[in-house]
Amino acid sequence: MTDMSSLTSKGAGARVTLTGVSKQYPTARGKQLVLDHISMDIAPGEFISLVGPSGCGKSTLLRLIAGLDPEYNGSVIFGGHPVNGPQADCGVLFQEHRLFPWLTVEDNVALGAFHEGLSRDELKQHVQTQLTHVRLDGWGHAYPQQLSGGMAQRASIARMMIGSRAVLLLDEPFSALDAFTRMKMQVDLETLWHNSGKTMMLVTHDIEEAVYLSDRIVVMDAKPGRIRKIVQNPLPRPRDRVGPAFAEVKARLFSLLEI
Amino acid sequence: MKSIRIGLGLFSSPRLWYPLACLFAMLALWQTVSAVIKNPLVPGLQEIAHEVGRIVQGGQFLENMAATLHRVASGFALAFIAAFLLALGMGRREALSYFFEPALIIGLTVPGLVWAILCIIWFGISATGSAVAVAMSITPAIALNLIQGVRAISPELLEASAMLRLPVSARLRHLWIPGLMPVIIGGIRLALSLAWKVIVLVEMFGLSNGIGFQLNSEFGAQNVAGVLAWTLSFALVMAVIEYGLLGPLEHHLLRWRRISFV
């Protein structure tokens, strides 16, 4: 376990700074502004969420930070360097698990550590450790098709956690799961975040999920996407979903979103 | 999900009996026609079987089959590598696709016979000539087949490998080759069947051994049973390749597709 801790400490969070980020898409009726001068500063190790109506550009923003979309105005500084293309220090978890269907769970997770330069034995051990963390012991030899939706998404989380990535971007990762599985995944994710010290940025439609997980919640407006307000979450961890304080933060967000 | 039953169950399964019934029906039909027509140009099964015995016992069969298969294999290898590279390029880059499209379309329409003649004229009686003739004839069809596969690779997985920053070698190994495996195996079947048709022509026109050469000699001698004996023997070898090699290979390489959902 000693080398495990060295891997995670190496992967502890990085700072992400957005300054005046705008993005437009060409459409039939000229250019459509999707993001309008977005500025924010995400501290190392912070858990931050983006919520807002569909079309507010929150997923687009995530893709810009991930380096999957090079065409934008403004600056995205990631761990001290401007973003150009997918980077070593950043992992993305999508709504679908995106595991390679022809590789076993083990081999899929191992690909997450492709650039770590581990020996075969070390790699095997790290894969095993990560599978244990996401409660998939004994499923290493299974193919993705054999897993339930929640299990496949956990395997995908293991693939992101195994490397020394400092920042994980989560694009509605649990929205395709049933309510019960989703709650368990949120608990698991919080534990992983807490133990790894990684920076995490979550895009979600689920206000409760945002309140349960985040240090800060960015509420966005749509058309064009702007920041309406950044809400500091005062709740101490571990959080109690059914308490009155939790309901109060939720109610505040609902009123901000005019729901 | 459909699965092929194997093991003891095979003997009671339609997987075994239906193909055998088809073969039996074809043989019975041939024999009936032959018995009704009573013409040496439509020889009966006994006569064909006798000819098969003659070519196998005389040692001609192995020698010519080896020569033909060797030519098919070299042409096939050349064509497959070219088609794979073309398909990756054309499937991923529009400009390359526009550029090579006319060449592929023209390539598809040129008869294998033309390549056979040209390659004999250019290369004479050499291993290169037959390999090039086969490669030129079959590359366009395999490439078109593979391009469809390349375009069908999911953008989600492409993005996942971009985020994992996998280098080209790892992308080939973990994304392209396994992802294209269904079309690759389909392409191998298509390529082998097309290659064999071209190589027979090359051997007929310009070479002094191989199945095509033997077919031509039997034709010269007006020996219909001989022509059929060579044809059937070759079909048998192809069946062995299909059922003994390609089928099991496909079964193994695509095992991830067959596994049932929990």
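Within every chain, numbering begins at 1; the chains are lettered A, B, ... in the order of the sequence lines, protein sequences first and strands thereafter.
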### Query
What's the shortest heavy-atom distance between Pro86(A) and Ala162(B), and which atoms?
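Where Pro86(A) meets Ala162(B) most closely, the heavy atoms are CB-O, 3.4 Å.
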
So, taking the atom named [atom1] in [X] and the one named [atom2] in [Y], what distance separates them when rounded to the nearest 0.5 Å?
X: Leu157(B); Y: Glu96(A); atom1: CG; atom2: CD; result: 9.5 Å
X: Asp89(A); Y: Arg165(B); atom1: CG; atom2: CZ; result: 9.0 Å
X: Phe100(A); Y: Ser154(B); atom1: CZ; atom2: OG; result: 9.0 Å
X: His115(A); Y: Leu164(B); atom1: NE2; atom2: CG; result: 8.0 Å
X: Gln87(A); Y: Met163(B); atom1: CD; atom2: CE; result: 7.0 Å
X: His174(B); Y: Trp102(A); atom1: NE2; atom2: CH2; result: 11.5 Å

### Query
Who wins among Gly67(A), Cys90(A), Pro101(A), Pro144(A) for the most heavy-atom pairs under 4.5 Å with chain B?
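Top option by heavy-atom pairs under 4.5 Å: Pro101(A).
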
### Task
State whether the number of non-hydrogen atoms from other residues, nucleotides or ligands found under 6.0 Å of Arg151(B) atom CZ is greater than 12.
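Yes, enclosed.
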
### Task
Give a yes or no on this: more than 12 heavy atoms of other residues, nucleotides or ligands lie within 6.0 Å of atom CZ of Arg135(A).
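Check passes, neighbour count above 12.
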
### Task
Tell me, for Leu103(A) versus chain B, whether the close heavy atoms (under 4.5 Å) come from the side chain, the backbone, both or neither.
side chain

### Message
Taking side chain as everything from C-beta outward and backbone as N, CA, C, O, which of these in Ala88(A) sits under 4.5 Å from a heavy atom of chain B? Side chain, backbone, both or neither.
### Response
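Both backbone and side chain.
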
### Partner set under salt bridge (Lys or Arg N to Asp or Glu O under 4.0 Å) for Asp171(A), not counting sequence neighbours
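Result, salt bridge (Lys or Arg N to Asp or Glu O under 4.0 Å) vs Asp171(A): none returned.
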
### Qualifying residues under salt bridge (Lys or Arg N to Asp or Glu O under 4.0 Å), relative to Arg71(B), sequence neighbours excluded
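By the salt bridge (Lys or Arg N to Asp or Glu O under 4.0 Å) rule, Arg71(B) matches Glu203(B).
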
## Note on the structure
Pair count under 4.5 Å, heavy atoms only, with chain A: among Ala160(B), Pro178(B), Ser161(B), highest is Pro178(B)

#### Entry: Proximal component of Leu253(B), with respect to chain A [non-hydrogen, under 4.5 Å]
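Contact with chain A: none, neither part.
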
### Message
Strictly distance-based, threshold 3.5 Å: is any side-chain N or O of Trp256(B) a donor or acceptor partner for the main-chain N or O of Thr104(A)?
### Response
no

